[in-house]
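Note: hydrogens, waters and symmetry copies are ignored here, and every other heavy atom, side chains too, is used. A note on names: the letters A, B, ... follow the listed sequences, proteins ahead of strands, and every chain is numbered from 1.
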Amino acid sequence: MKELIRFIRPPNSWKTSVSVLTGAMFGLIAYLFVISKADSYLSDSPETCVNCHIMAPQYATWNHSAHREKASCNDCHVPHDNFINKYFFKGKDGFGHASAFVMRNEPQVIKIKEASSDVVQQNCIRCHGGLITDSKLMHKTNKYHYERQGRKCWECHKHTPHGRVNSLSSVHNAKVPIPEFVGEIVPEWLKKAINKK
Amino acid sequence: IMERKAEAVFAYTPQVEHSEMEPRNEVWGKNFPREFETYYDTKDISFKSKYNGGAMIDMLEVDPRLVVLWAGYGFSKDYNQGRGHYYALTDMRNTLRTGAPIDGKASPMPNTCWTCKSPDVPRVMKEKGVAEFYSGKWQEKGNEIVNIIGCADCHDSKTMELKISRPALVEAFERMGKDITKATHQEMRSLVCAQCHVEYYFDKKKVPGAAYLTFPWDNGLTCEDAEKYYDDMNFKDWTHKLSKAPMLKTQHPGYEVYLTGVHAKRGVSCADCHMPYKNEGGMKFSDHKIQSPLNNVANSCQVCHREETKSLIEDVYERQDRIIHNRDRLEELLVRAHVEAKKAWELKATEEEMKDILILIRHSQWRWDYAAASHGGSFHSPVEIGRIIATGIDKAQEARIKLARLFAAKGFNEEVAYPEVKNKDL
Amino acid sequence: IMERKAEAVFAYTPQVEHSEMEPRNEVWGKNFPREFETYYDTKDISFKSKYNGGAMIDMLEVDPRLVVLWAGYGFSKDYNQGRGHYYALTDMRNTLRTGAPIDGKASPMPNTCWTCKSPDVPRVMKEKGVAEFYSGKWQEKGNEIVNIIGCADCHDSKTMELKISRPALVEAFERMGKDITKATHQEMRSLVCAQCHVEYYFDKKKVPGAAYLTFPWDNGLTCEDAEKYYDDMNFKDWTHKLSKAPMLKTQHPGYEVYLTGVHAKRGVSCADCHMPYKNEGGMKFSDHKIQSPLNNVANSCQVCHREETKSLIEDVYERQDRIIHNRDRLEELLVRAHVEAKKAWELKATEEEMKDILILIRHSQWRWDYAAASHGGSFHSPVEIGRIIATGIDKAQEARIKLARLFAAKGFNEEVAYPEVKNKDL
Ligand SMILES: [Ca+2]
Ligand SMILES: [Ca+2]
């Protein structure tokens with residue numbers, strides 16, 4: 001054990017600079033963490049995802065879909081089988097997206113990866129399992145039961161929930177709730193005009 | 001990251017900078033050509049559904065009984081089924097019910113009428129003050145009001161976020177103890193409409209000389225809540241020419257009725273159905289051609305309902321049919337009640353004898369109008385509208401039972417003939 | 001698919017073989033213990049919702065106005081809100097409205113009553129013939145009817161597929177030119193219920209001596225269609241004791257009303273809500289505890305609606321409240337109409353003078369009963385029930401206007417007092 005400590009302890013002459021550097025590293029990471037709202041990666045609100053404008057197309061399309069009121073991003077994109085899996089996946093994903101974003105190597109058109117698409121599929125079934133597996137309710141989906149096996153739900157439900165075309169330029173005026181940027185619901189002049197009386 | 005964030009905030013680079021109060025849609029339109037163009041498509045009035053659509057329909061022509069119901073009031077001179085936003089100013093200037101205010105001639109109508117017809121309104125209000133805006137007649141501020149309803153009515157000029165641009169809605173919320181600035185984005189997608197698509201009246205007492213635009217929501221937003229509000233303050237819009245009943249006019253309680261329906265309860269907003277996403281040349285944006293969703297089922301209803309277009313339209317018509325049948329019957333009963341009440345006066349009925357009867361007529365017609373004026377209401381909340389009409393029928397008939405007894409007391413025992421209403425002249 | 005079908009058919013190895021007509025649920029239950037056990041849970045009558053539920057409620061006690069509405073008819077002696085299938089036979093044997101048919105004493109009631117109360121019925125029908133079954137009084141075949149509604153009423157004994165076990169529904173389809181054997185599996189999940197949960201009458205002319213169970217569907221399945229059917233054949237269930245109106249009794253038009261609602265239009269069946277899948281120890285099966293779905297929202301509604309339980313129950317109550325308020329008012333108006341008509345007879349009104357009035361009362365009460373007897377109807381199809389009640393109110397009041405005029409003609413001009421109805425004795 002002592003050996004080990006001695007091994008990683010830097011030579012005395014380096015001591016000061018290493019401490020400063022490590023401190024700076026931690027500081028920088030913390031800073032990045034704060035301004036990139038990495039902590040918000042742990043939350044379930046869709047606002048989290050639109051911290052990156054890159055997610056704006058997905059936000060905008062989801063916000064105009066049938067799922068808006070009952071299923072947010074993480075309901076579909078993060079595993080819900082158990083607690084640990086959920087946060088592990090979130091962390092891993094968050095790191096991936098963040099580095100891609102910072103490194104500016106994100107593609108113009110994002111495509112879902114195999115692993116995350118499996119996650120999504122499981123989530124579709126999590127919510128709609130009752131409707132699509134209950135033989136009694138098959139009347140809604142009956143005809144398609146056999147064709148459905150082994151396919152992703154959105155091979156048929158292509159518009160659920162993002163639609164087909166989601167390149168960044170396709171929704172460039174989309175209203176996404178970027179916190180610093182929320183306008184005044186009641187403009188200043190009107191507030192004043194009302195309060196005057 | 002800092003840099004990218006700034007980029008995210010300004011998701012668009014404005015072509016044109018303009019002020020907060022810019023009333024000209026063309027100017028905003030430079031930055032947002034798609035929204036602008038679709039908005040101006042509200043000019044298209046070709047679509048007609050079973051009961052609604054874009055066309056201007058002369059309702060007094062289609063249904064002359066309305067002339068009886070509104071006898072003695074402006075609406076009996078002219079009333080059209082509304083059309084697109086593009087026409088709001090034109091239609092208001094042209095309507096005969098206001099006493100021909102054309103060409104700067106003196107008009108009997110207050111400036112308050114302009115409130116829901118143009119983005120020049122917030123501009124003038126800011127310049128002159130709210131109460132001052134509500135004062136005076138048309139010819140006085142009419143020349144300031146030139147742009148059709150538009151961007152500045154609903155949007156913040158810097159962020160393009162939705163905003164409330166007029167006082168009445170904010171004040172109504174305040175009086176109910178609610179804070180409208182706490183509204184969610186999704187609620188705002190209906191609240192911008194609730195600035196105009198609501199029942200209202202002019203409060204003449206609040207600020208002397210002003211016809212202060214007010215929403216009767218202090219007791220709540222239902223039909224009965226508003227009725228109680230008006231009753232408690234002894235308010236009437238006019239005295240009926242035939243029956244002498246102290247009448248109320250219901251104007252388009254679109255938002256209030258919508259709130260009682262299942263779509264509102266499930267978080268579906270006006271914009272979801274009337275301004276759905278549109279996909280054009282790979283671009284997605286909110287279709288600003290605000291119109292009947294039945295002209296655009298694929299983008300509106302079918303986002304949520306995987307049903308055939310035909311079947312969804314059928315759903316709407318089926319609900320409307322079930323409602324309109326009884327609404328029509330109520331209309332007939334009200335015509336009868338008015339002419340019977342007139343007969344009673346001729347038979348020298350006293351004020352005392354007529355009092356209850358006239359209140360029943362007032363309450364019954366309030367309900368009929370609530371159902372009739374809430375265009376779309378028979379779909380927005382069919383169970384509630386059905387309920388309201390049933391209570392309206394009950395009250396109209398109750399009035400007529402009392403009238404029959406009154407006739408007997410006056411020694412008259414015949415059926416009063418149903419008036420032949422052929423055209424707009426009574 | 002063929003393969004899967006065969007699999008479905010022979011999915012079980014029967015423990016017990018029994019005949020097609022086996023009426024004893026215990027015997028079928030050997031093969032299907034889960035369905036059997038849950039079916040017998042209909043014995044549990046502890047659940048109470050706002051307006052429905054399992055408990056037996058003495059409706060005449062709760063609402064004595066019913067005694068007036070049904071004066072002169074069996075229902076004014078005894079009427080309870082229905083409970084689970086387990087009790088169908090008990091409740092029928094115990095009801096006082098049939099003139100105490102207990103202990104093999106002579107009864108005034110036809111054997112036809114048994115038709116919807118037991119799986120012994122198809123057995124006896126097969127043995128004795130359908131018309132013969134419908135002939136004679138209770139004491140005659142009552143001893144044959146011992147098993148509670150059960151498996152043989154809805155299932156084929158070999159395949160366990162759903163089947164129609166009684167003639168009336170098949171005959172009604174035939175007369176409408178429809179072929180019930182073409183029904184899909186999903187339709188069958190409602191049609192088995194439609195054997196019993198429908199409005200009916202006894203046709204005394206079809207086969208002499210028999211009270212032939214018949215559904216009045218020849219003109220269609222709406223409220224007005226059935227009314228026309230009865231009017232055209234001059235049918236009445238009884239003559240009202242007070243008003244002397246030729247009355248109709250509506251019995252539980254559950255299926256007909258359901259058909260007019262949005263759930264039926266979207267293909268949702270009775271069984272989807274009243275017999276949802278249940279998961280017990282890894283086994284999935286249809287919960288045969290047929291009851292109010294509000295006692296089981298998770299397995300019924302929430303399969304399709306991802307709303308909170310509380311919110312879904314609220315949806316149901318909200319619709320029921322909006323309907324029941326007006327239904328109650330209609331009930332009051334009908335009580336008034338009956339006592340006023342009685343007064344008119346006392347004033348020596350003629351048959352001729354009363355004719356239109358009595359028809360209005362008949363039609364109005366038909367509508368009230370249609371809404372009241374279709375338990376669950378205020379949720380199954382609230383817009384349609386609301387429509388029906390509004391027309392009912394209109395007609396009751398129209399009758400009262402005519403009565404007021406008639407009173408005047410007879411020199412009587414007072415309000416007829418609302419009767420004090422305190423208990424079951426008029
Ligand atoms: Ca008004
Ligand atoms: Ca009947």
Side-chain angles (χ1 to χ4, degrees), chain B residues 222 224 260-262 265-267 305-307 311-312 314-315 318-327 329-330 332-333 336-337 340 378-379 381-416, chain C residues 222 224 260-262 265-267 305-307 311-312 314-315 318-327 329-330 332-333 336-337 340 378-379 381-416:
Chain B
T222 70
E224 281 84 359
T260 63
V262 75
K265 189 165 179 229
R266 297 286 194 269
H305 300 283
R306 305 276 142 186
E307 297 287 320
S311 162
L312 284 161
E314 218 176 79
D315 285 343
E318 187 186 82
R319 278 158 190 72
Q320 291 174 333
D321 286 342
R322 285 190 180 145
I323 297 294
I324 267 107
H325 177 83
N326 281 318
R327 202 185 75 196
R329 171 70 180 155
L330 175 52
E332 185 201 318
L333 297 176
R336 288 189 186 277
E340 285 166 8
S378 312
F379 171 76
S381 191
V383 188
E384 175 69 356
I385 294 286
R387 184 189 70 77
I388 291 172
I389 288 174
T391 61
I393 290 179
D394 180 26
K395 285 175 203 292
Q397 294 285 51
E398 198 68 28
R400 297 183 60 223
I401 292 173
K402 287 195 198 297
L403 280 161
R405 266 195 222 114
L406 185 54
F407 288 156
K410 305 286 172 194
F412 173 84
N413 194 18
E414 288 164 40
E415 196 170 313
V416 181
Chain C
T222 70
E224 280 84 0
T260 64
V262 75
K265 187 158 182 239
R266 297 285 196 270
H305 300 282
R306 301 200 65 91
E307 297 287 317
S311 162
L312 284 162
E314 220 177 77
D315 285 341
E318 188 185 83
R319 278 158 190 71
Q320 291 174 335
D321 287 344
R322 285 191 180 144
I323 296 295
I324 268 106
H325 178 82
N326 281 318
R327 201 184 77 197
R329 173 68 180 157
L330 175 52
E332 188 201 317
L333 296 177
R336 288 189 187 277
E340 285 167 8
S378 313
F379 170 75
S381 191
V383 187
E384 175 69 356
I385 294 285
R387 184 189 70 77
I388 291 173
I389 289 174
T391 61
I393 290 179
D394 181 26
K395 284 173 202 296
Q397 294 285 52
E398 199 67 30
R400 296 182 60 223
I401 292 173
K402 287 195 196 299
L403 280 161
R405 267 196 222 112
L406 186 53
F407 288 155
K410 306 286 171 193
F412 174 84
N413 193 18
E414 288 165 42
E415 197 172 310
V416 180

Subject >> Flag side-chain contact, heavy atom, 4.5 Å: C:Ser378 against C:Arg322 >> reply: no
Original post:
Is the shortest heavy-atom distance from the side chain of C:Arg266 to the side chain of B:Asp315 under 4.5 Å?
Top reply: yes
Original post:
For C:Ile401, is it the side chain, the backbone, both, or neither that has a heavy atom closer than 4.5 Å to a heavy atom of chain B?
Top reply: both
**OP:** May I ask you to name which of B:His305, B:Arg329, B:Glu414 has the most heavy-atom pairs under 4.5 Å with chain C?
**Re:** B:Arg329
Original post:
Are B:Asp394 and C:Leu333 close enough that some pair of their side-chain heavy atoms sits under 4.5 Å apart?
Top reply: yes
**OP:** Might you work through the side-chain contact (heavy atoms from CB on, under 4.5 Å) test for C:Asn413 and B:Arg405, ending with a clear yes or no?
**Re:** CA-CA 6 Å; C:Asn413 193 18; B:Arg405 266 195 222 114; 3.3 Å; yes
**OP:** Select, from C:Glu415, C:Arg319, C:Glu384, C:Lys402, the one with the greatest count of heavy-atom pairs under 4.5 Å involving chain B.
**Re:** C:Glu384
Original post:
Can you tell which of B:Thr391, B:Ile389, B:Ile323 has the highest number of heavy-atom pairs within less than 4.5 Å of chain C?
Top reply: B:Thr391
Subject >> For chain C, the option from B:His325, B:Glu318, B:Glu314 that forms the most heavy-atom pairs under 4.5 Å >> reply: B:Glu314
**OP:** Please examine the side chains of B:Arg387 and C:Asn326, heavy atoms only from C-beta on, and report whether any two atoms are closer than 4.5 Å.
**Re:** yes
